[in-house]
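Computed over heavy atoms, backbone and side chain alike; hydrogens, waters and symmetry mates excluded. What you see is a predicted model, and the numbers here were worked out from it, not measured in a lab.
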Amino acid sequence: MMKRSQRMRPVLAVAQRAEDVMLKAYARSQQQLADAEHKLNQLVDYQLEYARGLHVVSSQLVDLAQLQARRHFMNKLMAAIASQQAEVARFQQLVVSARLAWLKTRGHSQSMSKLTARYESEEFVLREQQAQRQADELSGQRFTWRQQAEQDDWQQGAAS
């Protein structure tokens with residue numbers, strides 16, 4: 001019959017694989033967040049550069065069409081920044097949910113590991129008790145054999 005610790009090994013392996021999958025998903029979501037934040041920073045930096053350029057250009061004579069085109073571009077840039085900020089917020093939520101999922105599977109994996117270790121410990125104690133019982137029985141049998149042999153020797157000595 002298979003021992004409990006042996007029956008738990010496949011369950012533990014499945015739990016550990018699930019934890020690994022969730023950990024990879026968590027790492028992937030963190031990377032996506034970092035990429036989105038980097039893109040947002042690039043957009044903000046570009047907006048600042050462009051705004052400085054507009055400030056320089058606004059001190060010069062510019063026709064109305066160029067000014068409107070630049071303001072229109074600035075508005076599109078601001079809309080892109082707002083969109084990227086929303087994307088960053090979405091990835092932040094994804095990171096939080098991925099972390100919670102990983103922690104949940106990690107807790108399950110750890111509990112399965114502890115349970116397997118407890119079963120192994122109990123099985124070890126049981127083996128030790130059985131070995132001690134067998135040693136005690138063997139010792140008792142030897143004692144009985146010795147007594148029997150001594151009694152047989154005494155009876156043979158008394159008979160002679």
Side-chain angles (χ1 to χ4, degrees), residues 1-52 73-160:
M1 185 168 129
M2 195 183 295
K3 296 179 180 174
R4 287 192 301 180
S5 65
Q6 292 171 330
R7 289 191 311 258
M8 283 300 297
R9 289 193 197 289
V11 175
L12 177 60
V14 167
Q16 288 173 335
R17 279 194 300 273
E19 179 187 355
D20 290 344
V21 166
M22 289 296 125
L23 181 60
K24 287 176 184 173
Y26 179 41
R28 190 172 43 254
S29 66
Q30 286 179 317
Q31 184 60 50
Q32 289 171 327
L33 174 60
D35 292 345
E37 287 174 336
H38 179 70
K39 186 175 179 180
L40 175 61
N41 289 335
Q42 285 179 324
L43 285 169
V44 168
D45 289 346
Y46 184 69
Q47 179 197 23
L48 292 173
E49 267 183 56
Y50 193 78
R52 276 190 223 112
F73 180 75
M74 182 61 99
N75 287 339
K76 282 190 172 188
L77 190 55
M78 290 168 66
I81 288 172
S83 174
Q84 191 61 30
Q85 286 170 332
E87 189 75 0
V88 166
R90 187 177 71 78
F91 280 122
Q92 286 170 337
Q93 287 299 318
L94 184 64
V95 166
V96 168
S97 62
R99 181 177 183 274
L100 291 175
W102 168 66
L103 287 173
K104 182 179 178 183
T105 58
R106 181 174 179 245
H108 179 69
S109 176
Q110 287 177 335
S111 67
M112 291 297 105
S113 180
K114 287 178 185 176
L115 183 61
T116 302
R118 190 182 94 211
Y119 286 165
E120 289 170 347
S121 176
E122 289 171 359
E123 291 164 3
F124 175 77
V125 167
L126 186 61
R127 279 193 309 272
E128 289 296 311
Q129 289 172 344
Q130 288 172 344
Q132 184 62 46
R133 198 174 314 119
Q134 288 174 348
D136 291 347
E137 286 177 16
L138 185 58
S139 177
Q141 286 175 353
R142 284 182 185 156
F143 179 74
T144 304
W145 291 335
R146 268 193 232 126
Q147 274 189 333
Q148 187 71 33
E150 287 174 6
Q151 191 176 27
D152 289 346
D153 288 345
W154 184 76
Q155 286 176 352
Q156 285 178 357
S160 346

Flag the pair Val14 / Arg17 as yes when at least one side-chain heavy-atom distance between them is below 4.5 Å, and no otherwise. yes
Can you tell me if Met74 has over 12 outside heavy atoms packed within less than 6.0 Å of its CE? yes
So how far is it from Gln30 CD to Leu94 CG, rounded to the nearest 0.5 Å? 10.5 Å
So CG of Leu23 and CG of Leu103: to nearest 0.5 Å the spacing works out to 10.0 Å
For Met112, does its backbone N or O pair with a side-chain atom of Thr116 as donor and acceptor, under 3.5 Å? yes
CZ (Phe124) with more than 12 external heavy atoms under 6.0 Å: no
Residue pair Thr105 / Glu19: nearest heavy atoms and the distance that separates them: OG1-CA, 3.6 Å
After noting the C-alpha distance and the side-chain angles of Arg142 and Leu138, does the key distance pass the side-chain contact (heavy atoms from CB on, under 4.5 Å) rule? CA-CA 6 Å; Arg142 284 182 185 156; Leu138 185 58; 3.5 Å; yes
According to salt bridge (Lys or Arg N to Asp or Glu O under 4.0 Å), who are the partners of Arg90, at least two apart in sequence or on a separate chain? Glu87
Verify side-chain contact (heavy atoms from CB on, under 4.5 Å) between Arg28 and Gln31, making sure each step is shown before the conclusion. CA-CA 5 Å; Arg28 190 172 43 254; Gln31 184 60 50; 5.7 Å; no
Measuring from His108:NE2 to Leu12:CG, what's the distance to the nearest 0.5 Å? 9.0 Å
Taking atom OH of Tyr119 and atom CG of Leu126, what is their separation to the nearest 0.5 Å? 14.0 Å
Between Arg146 and Glu150, does any NZ, NE, NH1 or NH2 come within less than 4.0 Å of an OD or OE carboxylate oxygen? no
Please answer whether the main-chain N or O of Gly140 pairs with a side-chain N or O of Thr144 as donor and acceptor at a distance below 3.5 Å. yes
Distance-only polar pair, side chains of Asp20 and Gln16, donor-acceptor under 3.5 Å: no
Contact check, side chains of Gln92 and Val88, non-hydrogen atoms, under 4.5 Å: yes
What do the steps show when you test Glu137 against Arg133 for salt bridge (charged side-chain N to carboxylate O under 4.0 Å, His left out), and what is the final call? CA-CA 6 Å; Glu137 286 177 16; Arg133 198 174 314 119; 5.7 Å; no
Between Asn41 and Glu37, is any side-chain donor less than 3.5 angstrom from a side-chain acceptor? no
Does Glu123 form a side-chain contact (heavy atoms from CB on, under 4.5 Å) with Arg127? I'd like the steps, not just the answer. CA-CA 6 Å; Glu123 291 164 3; Arg127 279 193 309 272; 3.9 Å; yes
Reported CD1-to-CD distance for the pair Ile81 and Gln47, which is rounded to 0.5 angstrom: 3.5 Å
For residues His38 and Gln42, determine if any side-chain heavy atom of one lies less than 4.5 Å from a side-chain heavy atom of the other. yes
Could you label the plane-to-plane angle of the Trp102 and Tyr26 rings as parallel, tilted or perpendicular, counting under 30° as parallel and over 60° as perpendicular? parallel
Of all residues at least two apart in sequence or in a different chain, which pass the side chain to side chain donor-acceptor pair (under 3.5 Å) check with Glu120? Arg9
Would you give the length of the straight line joining atom CE of Met78 to atom CG of Asn75, rounded to the nearest 0.5 angstrom? 6.5 Å
Residues Ala98 and Ser29: closest non-hydrogen pair is CB-OG, 3.5 Å
